[in-house]
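To start, the structure itself, in structure tokens.
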Amino acid sequence: MNQLRELINRLSLRQKISIGVAIAVALGGMFWFIQAQKEKDYKLLFKDMAAEDAGQLTARLREKSVDYKIGEDGASIYVRSAKLSELRLELAGEGLPRTGRIGFEIFDKTNFALTEFAEQVNYQRALEGELERTVSGIREVEQARVHLTFAKQSIFESNRQPAKASVVLKLRTGARLAPTSVQAVVFLLSSAVEGLSPENVSLIDHNGILLSKPRKSHTPEEEFPEILLEYLLKLERDLLAKVNATLTPLLGEEKFRAGVTIDCDMTSAEASEEIYDPEKAVVTSEQKTEDMSGVPLASGVPGTPSSLPRPVSRPVSTPTSTQRKTESTNYQASRSIRRTKIPQGQIKRVSLSVLLDQGMRWEGAGPKAKRIFEIPSPEKIKAIKDVVSASVGLVPERGDQVIVESLPFDATLRIPAPAAPIPPPAPKPLFVIPDFILKLLPPPLRDPAVLLAVIIAAGVLVASLGLAVFWFLKKRKQKKMKIAAAVAEATAVAAVEAGMDPTAAAIAALGPDDGRTFEERLAEQQNLQKRLEQHELARLKMPEVTTQKGKILQKHITEEAQKDPQMIAQILRSWLHAEREKER
């Protein structure tokens, strides 16, 4: 500890401040790194939750003593990654989050202490929550709120109230609910709630715009005007596509325009027909009746007189026998009943028009050019009409019609006239001689052709003279180089015989730079050095000079060459040069 204190005391104030700043920066970096690692450790638990779901979820996390963090949007909750999967399973078992409103799980626990009114309120809450969950499942809807009012029954007609529903939708950013989706939501609610009709459902978005429209009738043409209109447009697009596909290979894409109009019956009805056929009568019922009378029987006055042996005779009446027969037959004419349902969207008539472009050509050029149009022949127009009629299936009996006309298009009228031909330019002379020069020349040379010939001849002559001078200078230079090479070789040989190294003798014999390039001097030096080496070998084989004068001269040259080799080389070069001058 004392050593550390002594070490600190030895430091200057600047060194102490630098060390303190470095320690502070290091601690700050460590703190920032630890916090960043903690921030990265948080993972998303749930997102896009309602406010009540987020409140319940955070309360449950606080009860479990779990560290959490709420997102910037207020609808997302983050927890430690180590507990993410475990918390999701536990909260899902507890029914959290409930996606806004409670559903029919409110009846999972039976409570016998609830009154009938409380049960009715719970049922309404559960039904509203289930409908909110279902509507929120639509792709464009982010959140939904449903408010229901059940029907009020009464024995009096004036006191009865129908069921009603109000729905508020929060759409996703940039999303738009299509009319068909609006109708689907309306019919979903009317089918889920007893006694709720579609006209009593109000649907608005979070901006307060009414999406559903009240309905006063239930006819299909009034309930679905957009659907019927889309159906009609689809029919027209399909027929127009057939016409374009048929005429494009024949005329070209930009050579015609077609249009289709379809008259549809958007009403639906049912027709009933009953037909009687009098020629086909049938027996519907038949009845026969027959009455008959029997044989006469004994008759008398009952009593004692009639029982005596000789009774008193009395007149006797004999009854007559009768028979009656009745037959009745009922006939009815043949009858057939036919019921026909007329479908909606039946085509009543199709009108089709085709406009053909006219060809155009120009006669002449420039401002006097004349435009001539080429009108299609009647045979071509008839052929196009027949092809189009067959491709779309026109029915003349139904009143269908097709019209084919020909007019020039605007693009055709904008074709510019060809420009007038430009005459070819006159051939230019090879060169133009100024007038003041022509006045100075003699008359024979004033002709451009003659002058050109003279100039060419002069050029050839000058070129020949230049080549001759160049050849002469080159030969002279080669001769000088040969002389210089011979002098250098003799000088080098003398230097080598005086005891100088062949390389140093070659460099000294070449002398200063005389205008030759480095490559030329190097090649000449190498050649001279090879010749010196060969001369040295030959000299070694020759017998030594025995004269006393030669020995003295060789000894003297050797000593002087060792002292100043360049001077000896220069002397030898001057001697050789003087000898060659004498020979000339």
Side-chain angles (χ1 to χ4, degrees), residues 27-150 165-173 175 188-189 192-193 205-206:
L27 293 177
M30 294 177 59
F31 178 77
W32 175 84
F33 180 76
I34 293 172
Q35 292 296 325
Q37 293 298 323
K38 288 183 178 180
E39 293 291 334
K40 290 181 181 179
D41 191 49
Y42 281 93
K43 300 294 182 181
L44 180 65
L45 180 62
F46 293 108
K47 67 176 183 178
D48 298 334
M49 294 185 299
E52 50 267 30
D53 286 343
Q56 295 178 5
L57 196 59
T58 52
R60 192 73 184 96
L61 292 176
R62 282 195 296 269
E63 292 177 2
K64 293 178 176 291
S65 301
V66 176
D67 295 335
Y68 65 90
K69 187 177 65 173
I70 301 176
E72 296 180 358
D73 55 355
S76 304
I77 295 180
Y78 298 83
V79 296
R80 300 277 186 186
S81 58
K83 296 184 177 181
L84 179 63
S85 302
E86 181 182 355
L87 287 174
R88 282 183 178 175
L89 294 176
E90 291 181 1
L91 294 173
E94 297 177 5
L96 293 175
R98 304 183 186 276
T99 64
R101 298 289 295 275
I102 194 172
F104 281 106
E105 62 270 9
I106 194 175
F107 296 106
D108 292 343
K109 297 180 181 180
T110 305
N111 189 358
F112 295 100
L114 287 178
T115 61
E116 182 179 358
F117 176 76
E119 289 184 354
Q120 185 68 19
V121 171
N122 287 341
Y123 173 74
Q124 182 175 351
R125 290 176 57 195
L127 185 58
E128 289 177 352
E130 293 294 338
L131 290 175
E132 288 178 1
R133 294 176 181 177
T134 304
V135 175
S136 300
I138 300 176
R139 181 175 55 186
E140 293 83 0
V141 179
E142 180 178 351
Q143 189 178 357
R145 294 279 292 180
V146 179
H147 302 280
L148 298 177
T149 301
F150 292 145
S166 300
V167 183
V168 181
L169 301 178
K170 182 180 179 182
L171 304 179
R172 300 186 184 276
T173 304
L188 171 67
L189 268 70
V193 180
D205 62 2
H206 60 283

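Only this structure's heavy atoms are used, side chains among them; waters, hydrogens and symmetry mates stay out. Worth saying up front: this structure is predicted, and the values here are computed from it rather than measured.
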So do I138 and L169 actually touch side chain to side chain, heavy atoms under 4.5 Å? no
Between atom CD of Q143 and atom CG of L171, what is the distance when rounded to the nearest 0.5 Å? 11.5 Å
Nearest 0.5 angstrom please: K43 NZ to L87 CG, how far? 15.0 Å
Minimum heavy-atom separation for I77 and L61, please, with both atom names. CG2-CD1, 3.9 Å
Evaluate side chain to side chain contact (heavy atoms under 4.5 Å, CB included) for K64 paired with E90, printing each intermediate quantity in order. CA-CA 11 Å; K64 293 178 176 291; E90 291 181 1; 3.1 Å; yes
Check whether more than 12 heavy atoms from other residues, nucleotides or ligands sit under 6.0 Å from atom CD of E63, and answer yes or no. yes
I would like to know whether E128 and R125 meet salt bridge (Lys or Arg N to Asp or Glu O under 4.0 Å); could you show each step before the answer? CA-CA 5 Å; E128 289 177 352; R125 290 176 57 195; over 6 Å; no
What I'd like to find out is whether the side chain of L127 reaches to under 4.5 Å of the side chain of F150, using heavy atoms alone. yes
Any side-chain heavy atom of V193 within less than 4.5 Å of one from L131? yes
Between OG1 on residue T58 and NZ on residue K69, distance to nearest 0.5 Å: 15.5 Å
What's the spacing between L45 CG and K83 NZ if we round to 0.5 Å? 12.5 Å
Taking the side chain as everything from C-beta on, heavy atoms only, tell me whether R145 gets closer than 4.5 Å to E132. yes
Atom NZ in K170, atom CD in E142: separation rounded to 0.5 Å? 4.5 Å
